[in-house]
Number of protein chains: 2
Amino acid sequence: MAERAGCCLPKLAPRLDAAEARRISNDLAILAHPIRLQILDLLAQYQGQVCVCDLEAALPVKQPTVSHHLKILREAGLITAERQGLWIYYSICCDAVQTMRERVMAQFAFLG
Amino acid sequence: MAERAGCCLPKLAPRLDAAEARRISNDLAILAHPIRLQILDLLAQYQGQVCVCDLEAALPVKQPTVSHHLKILREAGLITAERQGLWIYYSICCDAVQTMRERVMAQFAFLG
DNA sequence: CATATATATTGAAGGTTGTCAATATACAGC
DNA sequence: GCTGTATATTGACAACCTTCAATATATATG
């Protein structure tokens with residue numbers, strides 16, 4: 001470990017400013033829920049063919065909870081909805097996922 | 001969008017099982033806080049030379065809050081502490097960060 | 001031992017999040 | 001219009017998270 005005279009370091013400015021830290025932590029918080037990860041995974045797998053009742057059947061939560069998580073993902077721009085008659089089919093927005101992935105990756109690169 | 005007769009899809013199994021989803025969402029939740037991201041960033045930048053009072057001076061939270069976030073990061077294995085006299089110097093565990101990065105990356109790959 | 005400093009822990013208060021029953025809304029078919 | 005089905009929204013409750021003042025612990029020095 002590095003030698004040092006005493007505490008503290010003269011200055012110590014984060015490369016990551018508060019605004020960018022908030023932005024990335026928001027990104028991460030959206031993904032940081034098992035149901036939302038599983039929803040994204042299912043949408044990626046069955047792109048454009050998944051309605052809410054499919055998700056409810058596949059996941060261990062009730063319909064209002066599924067809708068709640070879909071709303072969070074929708075508001076984050078990660079998924080879109082398309083109504084067809086009674087059903088609403090959801091899809092992943094691959095480019096939005098990609099953008100978020102790049103932000104997260106860039107952050108990891110700084111830490112490594 | 002894909003054509004379908006009606007609701008719902010015959011079966012719809014997540015590639016991501018509940019246990020793996022929980023694991024990755026736990027990983028993400030640890031990072032999903034602006035102060036923790038800034039702490040990691042500072043530790044990466046001044047590896048092994050950063051004590052708690054340095055962090056307190058650089059961040060907009062009080063000392064107990066810094067210690068609280070350090071504890072979360074320590075318990076996740078992402079950082080280690082080494083006491084030298086009165087001060088405790090923190091370092092990033094690069095390989096633990098790397099491991100987490102790989103899990104997160106692998107998940108993103110599935111979504112893209 | 002007494003004092004001073006650095007860090008950790010405790011406990012309390014406030015805020016946010018996750019879940020679901022109940023209800024509302026939107027659409028299709030009669 | 002009425003009925004039935006799919007989804008969204010509301011509201012309530014519980015669990016969890018974040019923060020900090022106060023306090024405890026550890027260490028160094030006189």
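Keep in mind that what you see is a predicted model, and the values were worked out from it rather than measured. Residue numbers begin at 1 in each chain, while the letters A, B, ... track the order of the sequences.
Contact annotation: the side chain of L31(B) approaches that of L40(B) to within less than 4.5 Å [non-hydrogen atoms, C-beta and beyond]. When side chains are defined from C-beta on, L78(A) does not count as touching I92(A), because their heavy atoms never get closer than 4.5 Å. With a 4.5 Å cut-off on side-chain heavy atoms, S67(B) and Q63(B) count as touching. For the pair Y90(A)/V52(A), a side-chain contact is recorded, criterion being any heavy-atom separation below 4.5 Å from C-beta on.
Rounding to whole angstrom units, CD of residue E82(B) and C1' of dA6(C) are separated by 16 Å. If you measure from atom CG of L59(B) to atom C1' of dT18(D), you get 15 Å, rounded to the nearest angstrom. Remark: C1' of dT19(C) and NZ of K71(A) are 15 Å apart, rounded to the nearest angstrom. In this entry the distance linking NE2 of H69(B) with C1' of dT18(D) reads 6 Å, nearest Å. Across the protein-nucleic acid pair, E75(A) atom CD and dA8(D) atom C1' stand 12 Å apart, rounded to whole Å. Here the P atom of nucleotide dT5(C) and the CH2 atom of W87(B) are 11 Å apart, to the nearest Å. Distance I39(B) CD1 to dT7(C) P: 13 Å, rounded to the nearest Å. Rounded to whole Å, atom P of dT5(C) lies 14 Å from atom CD of E56(B).
When the side-chain nitrogen and oxygen atoms of T65(A) are compared with OP1 and OP2 of dC20(C), one or more of them lie within a distance under 4.0 Å. Distances shown here put every side-chain N or O of Y89(B) at or beyond 4.0 Å from the OP1 or OP2 atom of dT7(C). Side-chain N/O atoms of H68(A) include none lying less than 4.0 angstrom from OP1 or OP2 on dT17(C). Between dA6(C) and Y90(B), no contact under 4.0 Å exists linking OP1 or OP2 to a side-chain N or O.
Residue contacts for V61(B): at a heavy-atom cut-off of 4.0 Å it reaches the sugar-phosphate backbone alone, with no base atom in range.
Not one N or O on the side chain of R36(B) forms a donor-acceptor pair closer than 3.5 Å with the backbone of L73(B). Within the 3.5 Å criterion, the main-chain N or O of P14(B) finds no donor-acceptor partner in the side chain of D41(A). Panel note: side chain Q38(B), backbone L16(A); a donor-acceptor pair is recorded below 3.5 Å.
Between the SG atom in C93(A) and the CG atom in L111(B) there is a gap of 12.5 Å [rounded to 0.5 Å].
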Generate the contact string for nucleotides 21-30 of chain C. Rules: B means base contact, S means sugar-phosphate contact only, - means no protein heavy atom under 4.0 Å. BB---BBS--
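Applying salt bridge (charged side-chain N to carboxylate O under 4.0 Å, His left out) to D27(A) and the options R103(A), R22(A), R101(A) leaves one that passes, R103(A).
Of the residues in residues 18-37 of chain B, those lying under 4.0 Å from DNA chain D by heavy-atom distance are H33(B), R36(B).
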